[in-house]
Amino acid sequence: MATAIVLFNRDLRVHDHPALAAACERAERVVPLFVLDPAVPEGNRRGFLLECLAELRAALRARDGDLVVRQGDVVRETMKLAAEVGVTTICASADVSSLARRREERFAGERIEYLLFPGVTVVPPDALRPSGGGDHYRVFTPYWRAWTRHPRRPVLPPPRAVRTPSGLAAGRLPRPQPPGPAPGGEPAARERADRWLRHGLDGYADGHDDLAGDRTSRLSPYLRFGCLSPLELACRAERSESFVRQLCWRDFHHQVTYAFPRIGRENYRHPERRWRQDPDALQAWQAGMTGLPIVDAGMRQLLAEGWMHNRARLITAAYLVRHLGLDWRDGVRHFFQHLLDGDVADNSGNWQWVAGTGNDTRPNRTFNPLRQAKRYDPDGHYVRRYVPELAGVPAPYVHEPWRLPSPPAGYPARLDSAADQG
DNA sequence: TCTAGCTTCGA
DNA sequence: CGAAGCTAG
């Protein structure tokens with residue numbers, strides 16, 4: 001390859017980037033490119049993305065290269081640039097969502113060499129298949145066993161030099177403002193990962209389900225945008241099986257999505273299942289005003305931080321589909337709109353798992369939010385942090401304020417009167 | 001090498 | 001309930 005475009009998408013890093021590494025090794029000239037979709041709405045994720053792009057550009061410039069930024073349709077803009085610069089090859093990271101797959105198909109139909117590389121997951125989504133037949137795993141535990149045994153590709157260093165041809169218009173990058181809930185970009189990601197591996201990882205197994213303590217890594221937004229290589233993280237975090245397991249869940253959902261790209265729209269199982277419509281209940285859930293403290297705390301954390309503790313995601317999601325009986329797609333949409341780490345495979349996969357339409361073959365799993373609250377937020381610190389109306393309520397009542405002789409002012413009554421006592 | 005049927009187990 | 005893995009044939 002004489003001149004190659006490296007088309008970035010959700011792999012916004014220079015460390016362990018197989019497509020970038022291959023282009024820098026094999027091509028004489030390398031044009032790193034990102035095409036901004038003007039349809040990406042304003043909000044947390046867009047600001048975070050712009051910060052990631054600014055940092056990626058800085059990292060490439062430090063290596064004598066640059067990041068070319070264009071706006072519009074990714075295939076059209078890429079092919080236009082390819083024609084301008086005389087590009088012979090496009091290198092990109094393979095991805096799993098239906099949007100990504102359609103993009104890959106469109107590129108494959110263009111008259112240019114188009115090469116896909118790994119890097120979005122630890123293990124490529126088509127690498128493992130169950131021994132009894134079938135194109136993907138439907139149950140986590142057997143996938144985990146196969147995943148841990150699977151040989152891994154080596155972690156790649158960042159390229160030493162990126163030979164971007166001079167005279168290219170790099171393109172303006174809009175300034176993200178105001179600053180979002182977490183700093184975007186690879187340097188912030190690596191710093192956070194280093195700190196986490198040194199100080200957080202060993203407490204993860206015991207602490208990750210404690211809502212108030214919040215001893216989770218908070219690395220999910222960086223994995224979402226590829227500021228961190230999941231493979232590098234999995235290798236460096238090897239000593240904590242429970243944390244590596246979470247990375248495996250991410251891979252698991254990606255391999256399901258690869259095999260079933262409609263995961264964000266259609267039931268994976270039980271296509272006939274129907275849900276209730278209730279706009280008022282949905283709105284109360286979205287606003288964190290259901291009257292069930294543990295649910296409201298999670299929903300308000302989401303609005304305030306663009307992030308929610310994983311345990312709270314399970315509790316709030318189960319409440320929407322199991323207690324309110326509403327459609328998991330309503331939940332997916334709301335989460336996707338607000339989560340900094342919102343990603344099709346993980347978000348939809350987890351929602352379908354909770355809704356019972358996904359990859360869990362246990363028929364009658366019940367999720368009692370009150371029992372969950374008492375178990376994972378025993379002192380009520382999590383609830384008090386995010387629900388100020390309950391800030392003065394003592395521990396025995398903070399999860400069940402309806403048992404107080406006089407309910408706290410401003411906090412709504414319970415939306416679901418049917419929730420059982422835990 | 002393949003398959004039927006049995007066992008195990010599930011964020 | 002039903003997926004996956006194992007074992008016997």
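A quick note: this is a predicted structure, and the numbers were derived from the prediction, not measured. Every chain is numbered from 1, with letters handed out A, B, ... down the list of sequences.
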Chemist: Between C:dG5 and A:Ser131, is there an OP1 or OP2 to side-chain N/O distance shorter than 4.0 Å?
Modeler: yes
Chemist: Rounded to the nearest angstrom, tell me the gap between atom CZ in A:Arg322 and atom C1' in B:dA11.
Modeler: 13 Å
Chemist: Rounded to the Å, how far apart are A:Phe140 CZ and B:dC9 C1'?
Modeler: 14 Å
Chemist: Please say which of A:Val120, A:Asp341, A:Leu247 ends up in a side chain to side chain contact (heavy atoms under 4.5 Å, CB included) with A:Leu223.
Modeler: A:Leu247
Chemist: Using a distance-only test with no angle check, is there a side-chain donor-acceptor pair under 3.5 angstrom linking A:Tyr382 and A:Gln301?
Modeler: yes
Chemist: Compare every heavy atom of A:Val35 with every heavy atom of A:Val74, then report the nearest pair and how far apart it is.
Modeler: CA-CG1, 3.7 Å
Chemist: Do we see A:Trp249 stacking on the base of B:dA11, given a limit of 5.5 Å between centres and 30° between planes?
Modeler: yes
Chemist: What is the distance, to the nearest angstrom, from the CD atom on A:Gln352 to the P atom on B:dG10?
Modeler: 22 Å
Chemist: Can you identify which nucleotide, out of C:dG2, C:dG5, B:dA11, has its nearest atom closest to the A:Pro130 side chain?
Modeler: C:dG5
Chemist: How close or far is atom C1' of C:dC1 from atom CG of A:Asn359, stated in whole angstroms?
Modeler: 14 Å
Chemist: State, without any angle test, whether A:His15 and A:Glu186 hold a side-chain donor-acceptor pair at a distance under 3.5 Å.
Modeler: yes
Chemist: Rounded to whole Å, please give me the gap between CZ in A:Arg129 and P in C:dA3.
Modeler: 17 Å
Chemist: Determine whether the side chains of A:Trp285 and A:Asp330 contain a donor N or O and an acceptor N or O closer than 3.5 Å.
Modeler: no
Chemist: According to a strict under-4.0 Å criterion, is A:Thr141 in side-chain N/O contact with OP1 or OP2 of B:dA11?
Modeler: yes
Chemist: Give A:Asn350 one of three labels, base, sugar-phosphate or nothing, depending on what nucleic acid heavy atoms sit under 4.0 Å from its own.
Modeler: base
Chemist: Let me know the distance between CH2 of A:Trp144 and P of B:dG10, rounded to the nearest Å.
Modeler: 14 Å
Chemist: May I ask you to evaluate whether A:Tyr143 reaches the phosphate of B:dG10, defined as a side-chain N or O under 4.0 Å from OP1 or OP2?
Modeler: no
Chemist: Roughly, in whole Å, what's the span from CG in A:Asn310 to C1' in B:dA11?
Modeler: 9 Å
Chemist: In this structure, how many angstroms lie between the P atom of B:dG10 and the CG atom of A:Leu314, rounded?
Modeler: 17 Å
